Asker: 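Quick one: this structure, given as structure tokens, is what I'll be asking you about.
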Amino acid sequence: MMLADKIENVFRKYLPSPFAIAILLTILTMVLALVFTANTTDNNHFVTILTYWESGIWNNDLLVFAYQMMLILVLGHILVLSKPIELLILKLVQSVKSGAGAALLVAFSTMLVAFFNWGLGLIFGALLARKVGEYAQEQNIPINYPLVGACGYLGLMVWHGGISGSAPLKVSESGHVKSLMRDVIKQDALESLPNTISTAETVFSSSNLIVFILVIGVLSFLAFQLGKRTKSTYTRLSTYTFVPPSKGTLKGAERLDRSLWFALGFGVLILGAFVTQYSTLFKTLTITPNMLNLFMFALALIMHGNIRRFLSALEEAIGDTAGILIQFPLYFGIMGIMVNSGMIDTISSFFVSISTQTTLPIYTFFSAGIINIFIPSGGGQWAVQGPLILNSALQLNVPLGKAVIALAYGDQVTNMLQPFWALPLLGITKLKAKEILPYSLIFMIAGSLIYITGLVLS
């Protein structure tokens with residue numbers, strides 16, 4: 001526990017809020033651009049940098065990307081609050097017979113769900129951990145509740161290499177790679193870039209799937225062993241439930257809000273549009289943000305069963321997007337400065353000078369892990385670091401899909417150290433960051449070894 005206390009004190013002493021960090025990074029980027037880049041316009045150099053920053057903030061492609069990522073989180077949260085998921089969680093917790101079994105159940109289930117959707121996995125893991133605690137209390141089963149809480153956070157250690165990962169999803173969209181690199185490389189090199197990097201080359205590549213299977217297996221076993229070897233106690237928790245609005249008296253058109261057939265009908269209509277639009281992409285294992293969000297939108301309407309309950313879940317979920325909403329534009333501004341000032345070329349050249357085909361993915365892994373501490377958003381990090389990584393990979397002939405996955409691995413492992421995304425879980429489980437940190441750090445070290453080995457051998 002002493003190590004956890006020290007780490008928490010470091011975070012409190014030296015790291016301000018994520019939004020403040022985004023502002024500090026913006027200022028730092030401006031200063032670096034002023035010092036290390038040449039002014040190629042007739043304007044004052046600082047004015048030119050401000051122009052680069054402003055144009056980056058309102059980059060239409062990146063603003064669409066921000067909205068896509070917010071929807072992934074919100075729709076995932078809405079799905080978890082549906083009755084079918086609630087019943088599934090209650091069914092799962094009934095299998096708990098011991099503290100070790102509780103840790104194993106939460107770890108395995110959370111990582112499996114998060115591979116399909118990170119927003120879903122984040123809230124699912126938190127609610128499952130809480131319900132396991134409540135069930136253990138009812139059945140007088142001693143458990144290590146902080147360990148169970150840490151297991152409920154493990155979804156954030158596999159999400160970026162999964163189906164809803166920001167970088168793999170975005171590069172699978174037609175034209176994104178060329179749009180991202182338009183101002184970074186020469187026109188002839190731009191034309192040689194692929195139109196997309198399919199998720200078949202990233203998320204669904206054999207190497208990534210093998211790594212995921214190893215991670216979910218090893219960390220689940222580790223959770224089980226920690227559950228056996230650490231101190232267990234009896235939990236004291238109140239019952240946590242999502243309470244939709246009471247029926248009340250609805251008149252006229254208001255009855256549509258409670259209509260099962262209205263919600264089901266529209267959900268089925270959306271599914272029809274999904275099949276019509278994306279069946280070809282789905283057959284080639286190409287998943288895009290729009291594709292994923294449309295499917296989850298339909299599923300959420302169907303599983304909630306009426307518009308009123310859906311909207312109530314939306315109100316519950318929307319608060320999680322506040323940080324993303326205001327931070328993304330600042331990261332886009334940073335990218336605007338780095339791209340237009342030439343800083344990306346300079347940094348990429350440095351990485352290329354110290355790297356080989358073998359070591360670049362490893363450097364990418366570690367740099368992404370460090371940057372994630374300061375930019376706790378996979379989408380925001382991709383906006384800033386993506387052009388650097390792709391440019392370096394192009395120069396060293398590293399497969400672009402492997403470079404994307406290396407960033408994804410590095411970004412996700414240090415979530416176990418960065419408590420930003422743990423806030424929803426801490427609120428639901430009523431645990432403190434210092435209580436889950438000792439276990440999340442153990443998981444981070446074990447997972448990192450697997451990810452690094454996978455990058456070396458793939």
Side-chain angles (χ1 to χ4, degrees), residues 61-62 65 160-162 165-211 286-288 331 334-335 338-340 342-372 375 378-414 448 451-458:
D61 291 336
L62 294 177
F65 176 43
H160 211 157
S166 301
L169 273 187
K170 201 59 189 174
V171 297
S172 71
E173 281 193 331
S174 178
H176 173 73
V177 174
K178 291 184 178 180
S179 174
L180 191 70
M181 302 296 287
R182 185 178 296 121
D183 299 317
V184 179
I185 60 178
K186 296 179 180 178
Q187 185 62 34
D188 56 343
L190 185 68
E191 293 300 325
S192 66
L193 283 175
N195 196 42
T196 67
I197 302 173
S198 169
T199 44
E201 302 174 53
T202 54
V203 175
F204 297 114
S205 65
S206 57
S207 58
N208 183 57
L209 292 177
I210 290 171
V211 166
T286 299
I287 310 295
T288 67
Y331 296 134
I334 291 171
M335 177 185 167
M338 295 180 71
V339 168
N340 292 300
M343 286 178 65
I344 281 183
D345 288 333
T346 302
I347 299 172
S348 295
S349 298
F350 170 74
F351 268 101
V352 169
S353 69
I354 65 171
S355 303
T356 65
Q357 281 187 327
T358 301
T359 60
L360 181 65
I362 307 303
Y363 288 141
T364 298
F365 172 86
F366 283 109
S367 64
I370 293 169
I371 290 173
N372 179 56
I375 305 178
Q381 182 168 343
W382 174 249
V384 175
Q385 199 177 2
L388 286 172
I389 289 170
L390 293 181
N391 199 18
S392 301
L394 284 170
Q395 294 183 55
L396 289 172
N397 294 316
V398 174
L400 297 184
K402 183 174 182 178
V404 171
I405 282 296
L407 176 140
Y409 289 168
D411 167 67
Q412 62 194 15
V413 293
T414 49
S448 294
Y451 287 130
I452 293 170
T453 303
L455 289 172
V456 171
L457 297 180
S458 64

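None of the values given here were measured: they were computed from a predicted structure.
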Asker: Looking only at non-hydrogen atoms, find the nearest pair between Ala393 and Leu400 and report the distance.
Answerer: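 The pair with the smallest heavy-atom distance is CB-CD2, 3.9 Å.
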
Asker: Any idea which heavy atoms bring Ala368 and Leu407 closest together, and the distance?
Answerer: CB-O, 3.5 Å

Asker: Using 0.5 Å steps for rounding, measure from the CG atom of Leu455 to the CZ atom of Phe365.
Answerer: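 Leu455 CG to Phe365 CZ: 7.0 Å, rounded to 0.5 Å.
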
Asker: How many angstroms lie between atom OH of Tyr409 and atom CD1 of Ile362, to the nearest 0.5 angstrom?
Answerer: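 Rounded to the nearest 0.5 Å, the OH-CD1 separation comes out at 11.0 Å.
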
Asker: Among residues at least two apart in sequence or on other chains, which ones pass side-chain contact (heavy atoms from CB on, under 4.5 Å) with Phe204?
Answerer: Ile163, Thr199, Leu285, Ile287

Asker: What's the verdict on side chain to side chain contact (heavy atoms under 4.5 Å, CB included) for Ile197 and Ser172, showing C-alpha distance, side-chain angles and the deciding distance?
Answerer: CA-CA 5 Å; Ile197 302 173; Ser172 71; over 6 Å; no

Asker: Closest heavy-atom contact between Lys178 and Leu193?
Answerer: CE-O, 3.1 Å

Asker: For the NE2 atom of His176 and the OG1 atom of Thr288, what is their distance to the nearest 0.5 Å?
Answerer: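 If I round to the nearest 0.5 Å, the distance is 12.5 Å.
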
Asker: For Gln381 and Tyr331, does a side-chain donor sit closer than 3.5 Å to a side-chain acceptor?
Answerer: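 There is no such pair between these side chains.
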
Asker: Check salt bridge (Lys or Arg N to Asp or Glu O under 4.0 Å) between Glu173 and all other residues, then give those that pass, not counting sequence neighbours.
Answerer: Lys170

Asker: Any chance you could measure Ile389, atom CD1, to Ser367, atom OG, to the nearest 0.5 Å?
Answerer: 5.5 Å

Asker: Quick one: does Pro168's side chain get under 4.5 Å of His160's, heavy atoms only?
Answerer: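 The answer is yes, as the side chains (C-beta and beyond) meet within the 4.5 Å cut-off.
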
Asker: A side-chain contact here means heavy atoms from C-beta on lying under 4.5 Å apart; do Gln385 and Asp411 qualify?
Answerer: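 No, side chains not in contact.
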
Asker: Taking all non-hydrogen atoms of both residues, which atom of Trp382 and which atom of Ala167 are closest, and how far apart?
Answerer: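 The pair with the smallest heavy-atom distance is CE3-CB, 3.6 Å.
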
Asker: If you measure from CG on Leu457 to OG1 on Thr358, what distance do you get to the nearest 0.5 Å?
Answerer: 10.5 Å

Asker: How far apart are the closest heavy atoms of Val203 and Asn208, and which atoms are they?
Answerer: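 Scanning both residues, the minimum pair turns out to be O-ND2, 2.7 Å.
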
Asker: Sub-3.5 Å donor-acceptor pair from the side chain of Ser353 to the main-chain atoms of Phe350, do we have one?
Answerer: yes

Asker: I'd like to know if the side chain of Thr364 reaches the main chain of Leu360, judged simply by a donor and an acceptor atom lying under 3.5 Å from each other, with no hydrogens or angles considered.
Answerer: yes

Asker: Looking at Thr359 and Ile354, what are the two nearest heavy atoms and their distance?
Answerer: OG1-O, 4.4 Å

Asker: Once you round to the nearest 0.5 Å, how far does OG1 of Thr202 lie from CD1 of Ile405?
Answerer: 5.0 Å

Asker: Keeping Glu201 on the side-chain end and Gly401 on the backbone end, is there a donor-acceptor pair under 3.5 Å?
Answerer: no

